[in-house]
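The structure appears right after this line, and notes come after that.
The structure displayed is predicted, hence computed values, not measured ones.
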Amino acid sequence: MSGAYALLLHGGAGVLADHGYPDQIVHMRKLAELGKAMLESGESALDTVTEIVRQLEASGLYVAGKGASPNKAGRYELDAAIMTGIDRKAGAVAALTGFVSPVHAARAVMETTPHVMLAGRGADAFAMQQGLECVDSVNDYYTPAAAPDDRAMATGTVGCVALDRAGHLVAATSTGGTLNKMEGRIGDCPVIGSGTWADDRVAVSCTGQGEYFLRTATAKDVAARMAYGGADLATACQAAIDDVGALGGEGGLIAVDRHGHIAQPFNSPGMKRAVVHADGQITVDIN
């Protein structure tokens, strides 16, 4: 357990100019410190990423988990995904309702079923069977974190990627989805290869206008540019975001490769994020 480690987390792309996000900055630094401590002690990237995303969901500070907003039908439909690079195992839930931690449900899909994604009533039934924590009262639990936002497709997502000391890469993403979305809308977050990806080269978590990330398979696109084109991490990530932008979409991503190199490009007005660099330094940024 003497290898290098690194971690990135994000609280969503797109920040408003008149918001300083002090609570999010403090919270992200706290989680980065937690992630650093976990990885430094030899804990797995899988457990570290799961815990970081769980706490992002539980905070109510981001458009995911407790901070999610209702869709046009007044229902809270949440999505999440997780993927391990060493074996490309993956789990996801889409349009999950009534559960505190979608990322835990996604991990349970990965670890206890032969499937990759469960959606809607099936996801709800599965989460119940797994004994995952339920939301007692929808009206009392959810505290929508989104500030007024006049963008045509306002968004919010959380995610985390990590390289552990054993050399394993893991990515996880969770979201409440596009604000004021249609009932049943599913974005890129739970779609393996679009919003979430990990293999033996790189782990990626995306955030932004999911429809565009779906159309470019952004997370897998990063990995493909590295595997087939020989691009380095920074070049691959920037090119993937440029492709999203070429279609008219905005957002960003976080990524770490097997050497501990990190990337965090975005074309949106800011992206809330924190990094544990391979040298142990922690940085937190929104712009």
- Message: One thing to verify: whether Arg185 and Glu77 come together as a salt bridge, which I'm taking to mean a side-chain N less than 4.0 angstrom from a carboxylate O.
- Response: no
- Task: Following the transitive rule for hydrophobic clusters with a side-chain heavy-atom cut-off under 4.5 Å over Ile, Leu, Val, Met, Phe, Trp and Tyr, establish whether Leu39 and Leu34 coincide in one cluster.
- Result: yes
- Message: Going by side chain to side chain donor-acceptor pair (under 3.5 Å), name the pairs with one or both residues in residues 187-205, residues two or more places apart or in two chains.
- Response: His10-Ser205, Thr173-Thr196, Thr173-Ser205, Trp197-Asp199
- Item | Side-chain donor/acceptor of Gln24 to backbone N/O of Leu61, under 3.5 Å | yes
- Message: Within 45 degrees of the ring normal and closer than 6.0 Å to the centroid, is that where the cationic atom of Lys272 sits relative to Tyr62?
- Response: no
- Message: Donor-acceptor pair, distance only, cut-off 3.5 Å: does the side chain of Arg29 make one with the backbone of Thr283?
- Response: no
- Message: Below 30° counts as parallel, above 60° as perpendicular, anything between as tilted: where do the rings of Tyr142 and Tyr76 land?
- Response: parallel
- Query: Between the side chain of Asp164 and the main-chain N/O of Ala45, is any donor-acceptor distance below 3.5 Å?
  - Reply: yes
- Exactly one candidate in Val53, Leu96, Val93 meets side chain to side chain contact (heavy atoms under 4.5 Å, CB included) with Ser174; the answer is Val53
- Query: Counting only heavy atoms not in Arg121, do more than 12 fall under 6.0 Å of its CZ?
  - Reply: no
- Look at the side-chain heavy atoms of Ile, Leu, Val, Met, Phe, Trp and Tyr, link any pair under 4.5 Å apart, and say whether Leu132 and Leu46 land in one connected group. no
- Task: Assess whether salt bridge (Lys or Arg N to Asp or Glu O under 4.0 Å) is satisfied between Arg54 and Glu51, documenting all intermediate values.
- Result: CA-CA 5 Å; Arg54 182 196 71 79; Glu51 179 59 18; 2.8 Å; yes
- Message: Please list all pairs meeting side chain to side chain donor-acceptor pair (under 3.5 Å) that have one or both residues in residues 89-109, counting only residues at least two apart or in different chains.
- Response: Asp47-Arg107, Thr50-Arg107, Glu57-Ser101, Thr97-Asp124, Arg107-Glu111
- Task: For atom CG of Asp136, decide whether the heavy atoms of other residues, nucleotides or ligands shown that lie under 6.0 angstrom number more than 12.
- Result: no
- Message: Could you report the tightest heavy-atom contact between Ala64 and Thr175, atom names first, then the distance?
- Response: CB-CA, 3.9 Å
- Any idea which heavy atoms bring Ser41 and Met38 closest together, and the distance? OG-O, 2.8 Å
